[in-house]
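Right, one structure below, let's go through it.
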Amino acid sequence: MTSAQSPTRMPRAYNAADVERRIYQNWQDKNYFHAEIRDGEQPYVIIMPPPNVTGELHLGHALEKALEDALIRYRRMTGRPTLWLPGTDHAGIATQWVVERQLAEEGVSRHELGREEFIRRVWEHVDKSGGIIHEQSRRLGISADWERHKFTLEPGPSHAVRTTFVSLYEKGLIYRHERIINRCVRCATALSDLEVDYQDVDGHLYHIRYPLEDDPEKFVTVATTRPETMLGDTGVAVHPDDPRYDGIRGRNVVLPIMGQVIPVVGDEAIDPEFGTGALKVTPAHDPVDFEVGQRHRLDAPNVIGEDGTMTAVTGKYMGVERFEARRRVVEELDSLGVLEKVEPHSHSVGHCQRCATVVEPLISMQWFVNVGTHEQPDSIAGKAYRAVTGDGVNEPDIRIVPERFTRVYLNWLENIRDWCISRQLWWGHRIPVWYCGPCGHLTVAMEDPEACEACGSTDIRQDPDVLDTWFSSGLWPHSTLGWPETDRANNKDFDYFFPTTVLETGYDILFFWVARMIMLGIENTGRAPFNTVYLHGLIRDGSGAKMSKTRGNTMDPLDLLEKYGTDALRFALTTGTAPGNDLRFTENRLEAGRNYANKIWNASRFVISQMEGLHLTHPELVEGWSKVKPEHREDRWIVSRLDRVTAEVNRSLESFELGDAQQRLHEFIWNDYCDWYIEMAKIRVRNGSEPSPLPTLAHVLERILRLLHPFMPFITEEIWQTLKSELPEEGEAQAESIMLAPYPESGNRIDTEAEEEISLVQQAVRAVRNTRAQLRIPAAQHLEALVEANGQRAAIEAEADLIRAMSRVEPLRIVSGASESEGGNLRGVTLVVSPLVVRLPLEGVVDLEAEGERLRSELADCVRNLERVEKLVSNPNFREKARPDVVENEEGRLAELRERKERLDEILEQLGR
RNA sequence: GGGUGGUUAGCUCAGCCGGUUAGAGCACCUGCUUUACACGCAGGGGGUCGCAGGUUCGAGUCCUGCACCGCCCACCA
């Protein structure tokens with residue numbers, strides 16, 4: 001700790017907890033996250049998916065925020081005006097449910113409380129716990145523009161909701177209609193098709209006999225999974241061509257229990273293969289039956305009420321809960337002798353996404369958005385469709401990453417139906433429609449009306465329903481930016497930041513949210529709300545199961561960042577996965593992240609300790625780093641590698657390949673910089689030889705920190721600030737914060753010659769180390785070595801110190817070729833790193849017979865390869881058709897293999913003597 | 001039923017437009033208190049890239065078929 005070279009400022013191990021809060025506070029205090037409008041510059045904008053107001057941070061949020069923050073920090077560093085706008089969703093049904101549950105504990109229902117008081121209670125809850133998730137998000141280090149935070153229920157977004165409703169109503173795209181919809185009897189509201197989850201349930205198929213009206217001895221047997229609905233049957237349907245029912249179609253049957261006379265109709269929708277081929281038609285409680293009923297003008301009495309109990313229509317069953325009714329109806333049918341049989345039957349049953357109650361399809365008056373079909377050019381669905389496909393002339397406005405989700409999106413639109421947007425809830429945006437008592441007119445208005453706009457009566461009453469939460473979320477990219485105010489003088493944000501750049505979210509809400517934003521965004525603004533949809537996958541546990549509280553396999557991101565550090569968590573979430581793919585998450589990944597952070601910390605600690613107090617002023621450190629090419633070969637090598645990786649990382653970030661970018665950086669930092677370059681540099685540092693490697697060490701480290709900053713913001717800032725204090729007070733590294741420093745661009749310093757020469761040195765060093773390990777020669781023991789340079793003499797001589805130190809050979813003799821080394825007592829192990837030959841005089845230690853064996857097998861390998869490449873290169877087809885650079889590559893490889901073979905032949909010949 | 005993804009080292013996964021001897025992390029084996037780091041260093045083993053055809057000078061990568069696993073959507077009474 002207190003050794004002479006160890007800097008006192010940096011502890012031995014990186015301790016994330018010590019630095020994160022302080023750094024984040026500083027970023028916030030300095031207002032770095034706030035986006036400024038800079039006219040003439042193209043902004044980069046991401047609107048954050050708004051979490052539920054009562055939600056708490058989970059790993060999915062952490063992943064989403066890590067990805068978005070990386071994109072945002074990267075663009076901010078490239079100098080673009082960058083906005084990341086956070087927000088919160090009121091989450092109608094979810095929030096209402098939370099508060100209702102609290103009330104239930106107090107033994108009160110919301111109805112007892114009344115609407116006004118209930119809403120007051122919800123606000124109370126929201127005020128208390130509403131900000132939690134964003135407080136938690138801050139721990140992730142995210143650079144969102146908190147000043148621009150929006151909540152769906154605050155005036156701006158609410159005004160957008162109202163404007164949209166009124167405008168769609170006036171365009172005839174919102175209508176009220178009686179329709180069969182999904183109702184959750186627990187939540188007491190209608191649900192959209194998307195809010196219903198289907199699960200296979202083991203049930204029964206009941207076969208029931210309906211006697212013919214005019215011949216009671218005969219009957220039609222129907223099969224159903226829901227016998228209680230038979231109370232509402234108004235027909236029986238069979239296939240028009242089903243010969244079993246010839247002579248029965250067109251006649252009537254008598255509905256058991258109820259005694260009603262209902263017709264047998266022929267309908268194409270009936271599958272003769274299923275059950276008995278006869279379907280009992282309950283138009284009010286099944287979507288298929290509803291359609292059949294419509295086609296044959298059958299009545300559709302609701303026999304199950306909105307509360308899930310049987311209605312008055314059912315007579316003695318009135319008020320009986322629907323599943324109890326099922327039991328009793330089956331019993332009664334059995335006692336009547338019309339229950340033919342009961343078979344076990346597995347089928348899919350819809351459940352409320354929120355509370356898992358079995359949904360009840362029933363006929364009800366609801367509000368819908370008319371989305372039209374994808375083929376209609378001017379329909380909502382049609383425009384949303386063409387935003388992604390293009391219109392045949394222009395390029396599409398929206399690109400989806402990864403691309404495969406484009407088909408999924410289009411496929412959904414191809415089958416879309418009108419969207420039920422009314423919810424029988426209290427928490428949300430109230431539907432701005434007033435019904436007139438006397439004249440029945442509907443007043444739909446921006447301002448709450450005092451009187452009916454048609455007859456002037458003040459006897460009006462507002463629709464009690466609220467809008468689907470996704471209706472307001474669907475406006476999010478424009479409503480958060482101040483739409484409908486689009487005039488620049490009044491609203492610069494919308495004018496400047498819309499359309500947004502990237503919409504990043506999980507693929508699981510592609511339909512719920514992304515599609516709705518595209519539909520409503522285009523409808524309202526005439527433009528696609530974003531250019532790119534970037535989708536991430538789901539986080540799963542180690543065995544691939546979805547994480548859920550009920551499964552008990554969740555991990556709390558706050559615990560994890562406490563234990564491993566935020567940067568480690570972010571690294572763990574975003575590395576080693578491709579866009580849109582699910583991620584199996586284990587603590588292993590976190591350990592790897594923590595180790596990585598520690599590695600960077602210690603490499604930096606070493607470099608900084610060497611620099612302390614020296615006040616280096618080398619040109620590399622002062623200005624035009626990208627133009628300065630260092631003198632030393634290994635310096636040129638690491639700088640060349642740096643420029644390569646810089647180019648790759650930039651390219652990967654541009655194309656949303658964040659995992660790729662991280663992997664490349666990781667490899668460069670750990671292998672090239674730490675394992676090789678720092679070790680090489682130490683030799684010169686120890687020898688005190690000039691020029692010092694310190695400027696290059698510092699330069700590359702500084703660049704590494706900036707390259708890595710979007711992914712690991714805390715540790716990079718912490719080290720950067722320390723490093724900066726040792727650097728000259730001018731140049732790229734002198735921003736106040738690393739997050740304001742420019743993102744590195746690749747310079748013009750790729751140096752293939754240095755890369756090849758250093759690669760030779762590395763191979764030679766590896767070969768010697770390998771030999772040591774195999775022969776169990778202690779690392780401390782020096783070995784004599786002779787290198788035949790074969791054309792690389794200048795480079796090898798220049799790097800001799802390095803080879804000596806890294807492979808611990810001493811003395812090291814360098815000769816031009818084999819002829820010079822003959823006669824020496826250097827028989828032992830011969831290593832071929834063509835064109836180099838490295839000889840280790842280990843006669844006696846190594847069995848010459850075995851050594852010959854090893855070399856012969858190496859030769860065999862070489863020859864096999866050589867033959868393959870020779871064949872390829874001499875193939876006229878290849879020369880003609882392959883890209884020139886590929887041909888050149890193969891030719892280079894051929895030369896290399898020939899050289900290698902020559903060396904091996906030579907050595908084997910000597911050995912044979 | 002429609003759509004879509006996967007099958008690559010013991011495990012988890014990268015591998016973009018087809019082009020060196022297929023990679024990473026973890027795990028495993030051997031050695032190492034080498035003063036940045038044992039959250040480490042050095043070295044090593046391990047893959048006929050699901051199967052069968054085809055296209056191509058060349059296929060993990062493209063096409064067809066098959067097998068198995070997964071996800072989404074759908075009006076399976």
So what does the secondary structure string of RNA chain B come out as, 5' to 3', with Watson-Crick or wobble pairs under 3.5 angstrom, [ ] for crossing and | for pairs with another strand? (((((((..((((.....[...)))).(((((.......))))).....(((((..]....))))))))))))....
Base, sugar-phosphate alone, or nothing: which one does A/R776 contact when heavy atoms must sit under 4.0 Å apart? sugar-phosphate
Taking the side chain as every heavy atom from C-beta outward, state whether A/V201 and A/H351 have any pair of such atoms under 4.5 Å apart. yes
Over all strands shown, is A/R772 touching base, sugar-phosphate only, or nothing at heavy-atom distances under 4.0 angstrom? nothing
Which part of the nucleic acid does A/E880 contact within heavy-atom distance under 4.0 Å: base, sugar-phosphate only, or nothing? nothing
Regarding A/L510, tell me which of base, sugar-phosphate or nothing describes its non-hydrogen contacts under 4.0 Å with the strands shown. nothing
Using the P atom in both, what is the distance from B/A74 to B/A59, to the nearest Å? 43 Å
P gap between B/U48 and B/G5, integer Å: 27 Å
Sorted by chain and number, sequence neighbours left out, salt bridge (Lys or Arg N to Asp or Glu O under 4.0 Å) with A/K563 holds for A/E587
Can you tell me how far P in B/G50 sits from the matching atom in B/U7, rounded to whole Å? 7 Å
Rounding to the closest angstrom, what is the interatomic distance between B/U8 and B/G44 at atom P? 26 Å
Within the structure, does a side-chain N or O atom of A/R769 lie under 4.0 Å from either OP1 or OP2 of B/G44? no
What contact category does A/D660 fall into here, base, sugar-phosphate, or nothing, at under 4.0 angstrom with non-hydrogen atoms? sugar-phosphate
Side-chain donor-acceptor contact under 3.5 Å, A/Q662 with A/T575: yes
Starting from P on B/A36, measure out to CE on A/M611 and report it in whole angstrom. 17 Å
Would you mind classifying the nucleic acid contact of A/K280 as base, sugar-phosphate or nothing, using non-hydrogen atoms under 4.0 angstrom? nothing
Between A/Q762 (CD) and B/A42 (C1'), how many Å, whole number? 14 Å
Using atom CZ of A/R404 as one end and atom C1' of B/G6 as the other, report the distance to the nearest whole Å. 9 Å
Any side-chain N or O of A/W670 less than 4.0 Å from the OP1 or OP2 oxygen of B/C41? yes
Taking the six-membered ring for Trp and the full ring for Phe, Tyr or His, determine whether the centres of A/H345 and A/F274 are under 6.0 Å apart. yes
Pair A/Q774, A/N770: side-chain N/O donor-acceptor within cut-off below 3.5 Å: yes
Distance between P atoms of B/G31 and B/G19 (Å, rounded): 41 Å
Check whether any side-chain nitrogen or oxygen of A/N588 sits under 4.0 Å from OP1 or OP2 of B/A27, and answer yes or no. no
For a quick check of understanding: with a heavy-atom distance under 4.0 Å over all strands, which category does A/N889 fall into, base, sugar-phosphate or nothing? nothing
Could you give the CD-to-C1' distance, from A/E679 to B/U34, as a whole number of Å? 9 Å
Looking at every strand, decide which applies to A/F290 at a 4.0 Å heavy-atom threshold: base, sugar-phosphate, or nothing. nothing
Separation of the P atoms in B/G53 and B/G10, to the nearest angstrom: 25 Å
Name the nucleic acid region contacted by A/N581, choosing base, sugar-phosphate or nothing; use a 4.0 angstrom heavy-atom cut-off, strictly under. sugar-phosphate
Side-chain N or O of A/N875 less than 4.0 angstrom from OP1 or OP2 on B/G58? no
In whole Å, what is the span from the CG atom of A/D200 to the C1' atom of B/A74? 13 Å
Would you mind classifying the nucleic acid contact of A/R766 as base, sugar-phosphate or nothing, using non-hydrogen atoms under 4.0 angstrom? sugar-phosphate
Short side-chain N/O contact to B/C41 OP1/OP2 from A/K599, under 4.0 Å: yes
Please give, in whole Å, the distance from B/U12 P to A/L573 CG? 19 Å
Are any of A/K881's side-chain N or O atoms less than 4.0 Å away from OP1 or OP2 of B/G58? no
Pairing donors with acceptors under 3.5 angstrom, does anything connect the side chains of A/T282 and A/D233? yes
Provide, to the nearest angstrom, the distance between the CG atom belonging to A/D582 and the P atom belonging to B/U12. 14 Å
Answer yes or no: is there a side-chain heavy-atom contact under 4.5 Å between A/L583 and A/R540? no
Is the closest side-chain heavy-atom distance between A/V645 and A/Y673 below 4.5 Å? no
Distance criterion of 3.5 Å, no angle test: do you see the side chain of A/E667 paired donor-to-acceptor with the base of B/A14? no
